[in-house]
Undergrad: 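If you scroll down you'll find the structure; I have some questions about it.
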Amino acid sequence: MPNNWSDNEIEACVRTYLWMRDSEQRGYKPIKSRIRKALMQGPLSERSDGSLEYRFQNISSVLADMGEEWIDGYKPAKNVGADGTAKITNYIEAYRKDRHARRVHWLIQSLPIAAVTKAVSELASGKTFEYSESTDYDLVYKGVALPPKKAIGYAGLLHYGAPLASENFSGGEGTPCFKRLEKAGFEIGKKIDPSTISLWQPEFRETVDKHKSTEFKVPPEGQRKPGKKSVTAIGYDRDSKVVAFVEDRAGGKCELCGNHAPFNRRNGTPYLEVHHIISLAEKGPDTVDNTAALCPNCHRECHYGSNALIHQKTLQTKLSNKSEPKIQNLQTEQKRATL
């Protein structure tokens, strides 16, 4: 065990200590043993529980000299040293001024999966937990959309006895927050503008059809100031090479109706939409023999039209006769290029 503490170790201790103190001041009772364990599983992996407790006592001492409250249970230990005092003081000041200096990702990385699962289940069931709404992503569980950070924040409360506030960690792809939720088996989707899909939602269409059965004596008033809502979509990885191949194979014509693309993109290429014959949600492959370049009308009809199954079979038949020769020709050309 090294004698000298690194700056990263001291900073992690100060951040964690101040998070605990803030939590206590808000009326929570942090479970100190679990929090110390998380630190030792993370940035303080080379420290013992006793040395960590003593470092917390050093932080209490510095706070006491500054005239501030310290955590009950970590009685100030004066043997800090001038260098240690200066570093602890600097990290305390940084914690006050910079919200990024309040992040404690190691507490998230040590959250038990059971705590994460329980948090999501309770929140989806209507558990009240005040937290900010998400801006870009939602976790989807049993049809309920939840802010990912809210789920982790509440999991912190369940496991550590104090919630992890939004400022204590970051969200987004690749962050410890998302990785922990994904490891627990939850899907996280990016929010999309509902105005782009509302007209095609089955539930919305059912309501529209019901209104059609009534006779309007006067036009409906509508909404002068439509309210906002968020919709979450679970996306799938797409192979850009497959899209390029299929668009090239189509030659600017819809592979279902045979008509030319209705317009060109800004870069001059024909606008066609690459459609999965068996959808990715139904475990269809992202391959050239399961994709077709369609005009927008045919694409919508394949998803929402009454003849969707017929079109699916038509495309499968067409592509079985169309894709294989091109693939063989492409392989032949590649072989010639290597000679």
Undergrad: So I35 and I31, do their side chains get closer than 4.5 Å, heavy atoms only?
TA: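 No. Closest side-chain heavy atoms not under 4.5 Å.
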Undergrad: What's the verdict on side-chain hydrogen bond (donor to acceptor under 3.5 Å, both in side chains) for E187 and Y141, showing C-alpha distance, side-chain angles and the deciding distance?
TA: CA-CA 8 Å; E187 290 185 318; Y141 178 69; over 6 Å; no
Undergrad: Surrounding CG of D72 (heavy atoms of other residues, nucleotides or ligands, distance under 6.0 Å), is the total greater than 12?
TA: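 No, because the 6.0 Å sphere around CG of D72 holds 12 heavy atoms or fewer from other groups.
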Undergrad: Decide if atom NZ of K32 counts as having more than 12 heavy atoms of other residues, nucleotides or ligands within a radius under 6.0 Å.
TA: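 Above 12, so yes.
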Undergrad: Roughly how far, to the nearest 0.5 Å, is CG of N58 from CG of N79?
TA: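 Reported to 0.5 Å precision, the distance equals 7.0 Å.
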Undergrad: What is the distance from atom OG1 of T269 to atom CD of E247, rounded to the nearest 0.5 Å?
TA: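 If I round to the nearest 0.5 Å, the distance is 6.5 Å.
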Undergrad: Do N90 side-chain atoms and A86 backbone N/O form a donor-acceptor pair below 3.5 Å?
TA: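 Checked: pair present.
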Undergrad: Would you find a donor on one side and an acceptor on the other, under 3.5 Å apart, between the side chain of N168 and the backbone of A165?
TA: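 Yes, because the side chain of N168 sits within donor-acceptor range (under 3.5 Å) of the backbone of A165.
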Undergrad: Side-chain contact test, heavy atoms from C-beta onward, threshold under 4.5 Å: evaluate it for L39 versus W106 and give yes or no.
TA: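 Side-chain contact under 4.5 Å: yes.
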Undergrad: Counting only heavy atoms not in Q316, do more than 12 sit closer than 6.0 Å to its CD atom?
TA: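 Buried by this count: over 12 neighbours within 6.0 Å.
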Undergrad: Does the distance from a Lys or Arg side-chain N to an Asp or Glu carboxylate O, for R47 and E9, drop under 4.0 Å?
TA: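 Yes, charged N to carboxylate O under 4.0 Å.
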Undergrad: If only atom types and distance count, is the side chain of Y160 paired as donor or acceptor with the main-chain N or O of M20 below 3.5 Å?
TA: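 No: the side chain of Y160 does not pair with the backbone of M20.
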Undergrad: Do E53 and Y74 have side chains that get closer than 4.5 Å, going by heavy atoms?
TA: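 Yes - at least one pair of side-chain heavy atoms lies under 4.5 Å apart.
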Undergrad: With no hydrogens and no angle check, is any side-chain donor or acceptor of N290 less than 3.5 Å from a backbone partner on G284?
TA: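 Answer holds: no.
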Undergrad: Tell me if a side-chain donor or acceptor on R249 pairs with a main-chain N or O of V288 at a distance below 3.5 Å.
TA: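 Flag set: sc R249 to bb V288 pair under 3.5 Å.
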Undergrad: Start with the C-alpha distance between K87 and E11, add both sets of side-chain angles, then the distance that settles salt bridge (Lys or Arg N to Asp or Glu O under 4.0 Å), and finish with yes or no.
TA: CA-CA 8 Å; K87 289 182 178 180; E11 183 178 23; over 6 Å; no
Undergrad: Output the distance between atom CD (Q57) and atom CG (L52), rounded to the nearest 0.5 Å.
TA: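 It is 10.5 Å, given to the nearest 0.5 Å.
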Undergrad: Just to verify, which of R102, R99, R103 counts as forming a salt bridge (Lys or Arg N to Asp or Glu O under 4.0 Å) with E167?
TA: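 The salt bridge (Lys or Arg N to Asp or Glu O under 4.0 Å) with E167 is passed solely by R102 among R102, R99, R103.
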Undergrad: Under a 4.5 Å side-chain heavy-atom rule over Ile, Leu, Val, Met, Phe, Trp and Tyr, are W19 and F129 clustered together?
TA: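 Linked, W19 and F129 end up in one cluster.
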Undergrad: Looking at R55 and V14, would you say the former's side chain and the latter's main chain have a donor-acceptor pair under 3.5 Å?
TA: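 Between the backbone of V14 and the side chain of R55 there is no qualifying donor-acceptor contact (under 3.5 Å).
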Undergrad: Tell me if the CD atom of E69 is crowded by more than 12 foreign heavy atoms within 6.0 Å.
TA: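 At most 12 heavy atoms, drawn from other residues, nucleotides or ligands, come within 6.0 Å of this atom.
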Undergrad: Using a 4.5 Å cut-off on heavy atoms from C-beta on, say whether the side chain of K127 contacts that of Y154.
TA: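 Of all side-chain heavy-atom pairs linking K127 with Y154, at least one is under 4.5 Å.
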Undergrad: Quick check: do K179 and Q109 have side-chain heavy atoms less than 4.5 Å from each other?
TA: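 No; the side chains remain at least 4.5 Å from each other.
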Undergrad: Following the transitive rule for hydrophobic clusters with a side-chain heavy-atom cut-off under 4.5 Å over Ile, Leu, Val, Met, Phe, Trp and Tyr, establish whether L256 and L272 coincide in one cluster.
TA: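 No; L272 is not reachable from L256 via cluster members.
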Undergrad: Q312 versus N307: any side-chain heavy-atom pair under 4.5 Å?
TA: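 No, too far: nothing below the 4.5 Å cut-off.
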Undergrad: Within this structure, what is the SG-CG distance for the pair C257 and N297, rounded to the nearest 0.5 Å?
TA: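 The SG atom of C257 sits 8.0 Å away from the CG atom of N297.
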Undergrad: Please say whether more than 12 non-hydrogen atoms of neighbouring residues, nucleotides or ligands are located less than 6.0 Å from CD in E130.
TA: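 Not more than 12 within 6.0 Å, no.
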Undergrad: Any carboxylate oxygen within less than 4.0 angstrom of a Lys/Arg side-chain nitrogen, looking at K241 and D286?
TA: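 Judged by the 4.0 Å cut-off on N to carboxylate O distance, K241 and D286 do not form a salt bridge.
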Undergrad: Measuring from atom OG of S48 to atom CZ of R36, what distance do you get when rounded to the nearest 0.5 angstrom?
TA: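 Result: 10.5 Å between the selected atoms.
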Undergrad: Atom CH2 of W70 and atom CG of L63: how far apart are they, to the nearest 0.5 Å?
TA: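 Reported value, rounded in 0.5 Å steps: 10.5 Å.
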Undergrad: Could you tell me whether the side chain of I152 reaches within less than 4.5 Å of the side chain of F178, counting heavy atoms only?
TA: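 No, side chains not in contact.
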Undergrad: Would a distance-only check, ignoring hydrogens and angles, find a side-chain to backbone donor-acceptor pair under 3.5 Å from K149 to S166?
TA: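 Side chain of K149 to backbone of S166, a donor-acceptor pair under 3.5 Å: yes, one is there.
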Undergrad: Check whether more than 12 heavy atoms from other residues, nucleotides or ligands sit under 6.0 Å from atom NE2 of H260, and answer yes or no.
TA: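 It does not: H260 NE2 has 12 such atoms or fewer within range.
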Undergrad: Check whether S121 reaches the backbone of T117 with its side chain - one donor and one acceptor, N or O, closer than 3.5 Å.
TA: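 Side chain of S121 to backbone of T117: no pair is present.
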